[in-house]
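Just so you know, ligand 1 is whichever comes first in the structure, and atom 1 is the first atom listed for that ligand.
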Amino acid sequence: MSRAIVLVLDSFGIGGAPDADRFHDAGADTLGHIAAACAKGECDGVGRRGPLALPNLARLGLFHAHRESTGAWAEDVTLPSEVIGAYGNAREISSGKDTPSGHWEIAGVPVRFDWGYFLDREESFPTELLEALIREGNLPGVLGNCHASGTEIIARLGEEHVASGKPIVYTSGDSVFQIAAHEEAFGLERLYALCETTRRLLEPYNIGRVIARPFVGRSADDFARTANRRDYSVEPPAATVLQKLVDDGGEVVAIGKIADIYAHCGVTRTVKASGHDALMDATLAALDEASGRSLVMTNFVDFDTLYGHRRDVAGYAAALEAFDARLPELLAKLRHDDLLVLTADHGCDPTWHGTDHTRERVPVLALGAGLPAGSLGARDTFADIGQSLAAHLGLEPMADGESFLSKPLPTDPLAA
Ligand SMILES: O=P(O)(O)O[C@H]1O[C@H](CO)[C@@H](O)[C@H]1O
Ligand SMILES: [Mn+2]
Ligand SMILES: [Mn+2]
């Protein structure tokens with residue numbers, strides 16, 4: 001029975017998006033700029049040193065994929081003696097560079113409509129929306145109401161929030177409405193309920209996600225966000241490959257943020273875990289259990305949340321190396337007819353201006369299912385992954401994308 005394993009390294013772009021200009025991201029290159037910083041010794045001293053060392057990802061073809069995306073090798077990296085994976089780079093055709101768009105497109109459903117955005121950097125939200133939220137949420141008011149980095153805004157407004165009981169509302173370049181509140185002073189369940197109210201009030205605004213951002217701590221110096229973050233996404237606009245597999249009697253194990261990102265559509269089992277080691281442990285355990293026709297999908301969120309958005313280049317490098325070191329455990333569990341795909345949902349170049357995502361191509365590193373090692377070239381949409389998963393899992397083809405599993409057409413002997 002076919003199994004597929006998809007690991008999404010959240011925000012791990014490899015530069016080169018042909019439409020990066022439109023997002024003011026021309027030149028952004030998450031992998032390339034991390035490698036360059038490591039090569040200059042700028043990432044030494046966080047439990048790592050020297051050039052970026054990703055020997056296992058390199059064997060799957062990561063650096064080759066990056067070179068095909070940008071035209072240049074990542075600085076000072078060691079190339080593998082042999083590439084064992086099929087590697088490619090994929091551009092995104094969805095209108096946004098956000099997490100749901102990237103994941104849905106990976107699963108064969110690009111987002112062709114435009115999301116709503118709160119574009120004003122200050123006074124970002126419409127007055128009538130905030131008035132409705134204050135009324136229905138029984139709130140003394142709200143704080144924030146601006147574009148912000150989530151860690152900076154709790155340091156700036158967290159104490160006032162605890163004293164006043166007013167939740168902190170903020171947004172970003174993404175189609176999001178985020179609510180930060182203290183887990184104990186405000187209450188976690190109350191925060192979740194407020195997010196559900198917000199989700200309903202946002203219906204006319206076409207916003208992709210409401211995100212609950214609980215935090216703990218006593219003062220601005222030690223406020224810290226917790227793993228109880230929860231995302232309230234709208235449903236994908238069409239059946240993803242996850243949904244098609246479930247409808248056809250298969251199993252979908254969603255690990256980490258995956259279930260939230262797909263609005264719980266097309267998921268048979270949800271596994272929550274916090275931190276990359278725990279996420280990898282959960283993935284390995286799921287592989288031990290997944291016996292039938294199944295898809296195991298994991299989102300490795302820390303690359304994005306702890307390092308990309310925080311513009312922490314050294315932290316990102318160390319997290320990549322730690323992830324790479326655990327890959328052999330996963331490879332050892334693969335059966336010959338499994339298909340493993342490693343990819344990303346967008347970029348978040350930690351050397352870039354601002355704190356938002358960056359429009360980039362993503363790596364497509366595939367192994368197994370009889371795929372020969374070598375280049376898959378430049379893929380025109382992330383949906384090529386969804387289409388390949390559909391082919392591998394024996395599902396009807398998706399409307400978008402081209403499978404990289406399909407064999408080349410036999411040459412016509414008469415045409416010679
Ligand atoms: O700064 P924090 O709160 O981590 O927010 C980030 O997380 C959100 C979801 O990816 C993005 O919209 C981005 O702004
Ligand atoms: Mn993401
Ligand atoms: Mn993000």
Is it true that [Y] and [X] share a donor-acceptor pair across their side chains at a distance under 3.5 Å?
| X | Y | result |
| --- | --- | --- |
| N299 | H103 | yes |
| S101 | W115 | yes |
| Y316 | S11 | yes |
| S149 | R311 | no |

With a cut-off of 4.0 Å, which atoms of ligand 1 are near a heavy atom of [X]?
| X | result |
| --- | --- |
| Y170 | 3 (O) |
| G150 | 1 (O), 2 (P), 3 (O) |
| I211 | 9 (C) |
| S149 | 1 (O) |
| H357 | 10 (O) |

*Begin with the C-alpha distance, continue with both residues' side-chain angles, and end with the deciding distance and a verdict on ring-ring contact (aromatic ring centres under 6.0 Å, His included) for F303 and H276.*
CA-CA 9 Å; F303 294 123; H276 283 184; 4.4 Å; yes
Looking at [atom], what's its closest protein heavy atom, distance included?
| atom | value |
| --- | --- |
| atom 7 (O) of ligand 1 | R213 NH2, 2.9 Å |
| atom 5 (O) of ligand 1 | Q178 NE2, 3.0 Å |
| atom 11 (C) of ligand 1 | D174 OD2, 3.4 Å |

*Taking side chain as C-beta onward, heavy atoms only, is F215 less than 4.5 Å from E183?*
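Side-chain contact under 4.5 Å: no.
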*asked:* Parallel, tilted or perpendicular, judged at 30° and 60°: which one describes the rings of F118 and F177?
replied: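 Because their plane-to-plane angle is over 60°, the rings of F118 and F177 count as perpendicular.
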*Distance under 6.0 Å and angle within 45° of ring axis: R190 vs F186*: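 Yes.
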*Using the six-membered ring of Y192, assess whether NZ or CZ of R230 lies under 6.0 Å from its centre and within 45 degrees of the ring axis.*
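R230 over Y192 ring: yes.
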*Check each of L194, L191, L143 against P167 using the side-chain contact (heavy atoms from CB on, under 4.5 Å) test, and report the only one that passes.*
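Testing P167 for a side-chain contact (heavy atoms from CB on, under 4.5 Å) against L194, L191, L143 leaves exactly one candidate, L194.
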*If you measure from atom 14 (O) of ligand 1 to every heavy atom of A180, S172, S175, which option wins on shortest distance?*
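When every heavy atom of A180, S172, S175 is considered, S172 comes closest to atom 14 (O) of ligand 1.
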*Should one rank H309, R209, R225 by closest heavy-atom distance to atom 4 (O) of ligand 1, which comes out on top?*
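Nearest option to atom 4 (O) of ligand 1, by heavy atoms: R225.
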*When the aromatic ring centroids of H357 and H309 are compared, is their separation below 6.0 Å?*
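Ring centres of H309 and H357 closer than 6.0 Å.
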*Is the gap between the ring centers of W73 and H64 under 6.0 Å?*
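Yes, they do, as the ring centres are separated by less than 6.0 Å.
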*Considering only N, O or S atoms of D345, the one closest to the Mn ion (ligand 2)*: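 The Mn ion (ligand 2) is closest to the D345 atom OD2, counting only N, O or S.
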Mark the output for [X] as yes if a heavy-atom distance to ligand 1 is under 4.0 Å, and as no if none is.
| X | answer |
| --- | --- |
| D98 | no |
| V176 | yes |
| R310 | yes |

*Contact summary for D304 and H346, nearest pair of heavy atoms*: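 Minimum heavy-atom contact is OD1-CE1, 3.4 Å.
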*Measuring from the Mn ion (ligand 3), count protein N/O/S atoms under 2.8 Å, please.*
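That number is 4, waters not included.
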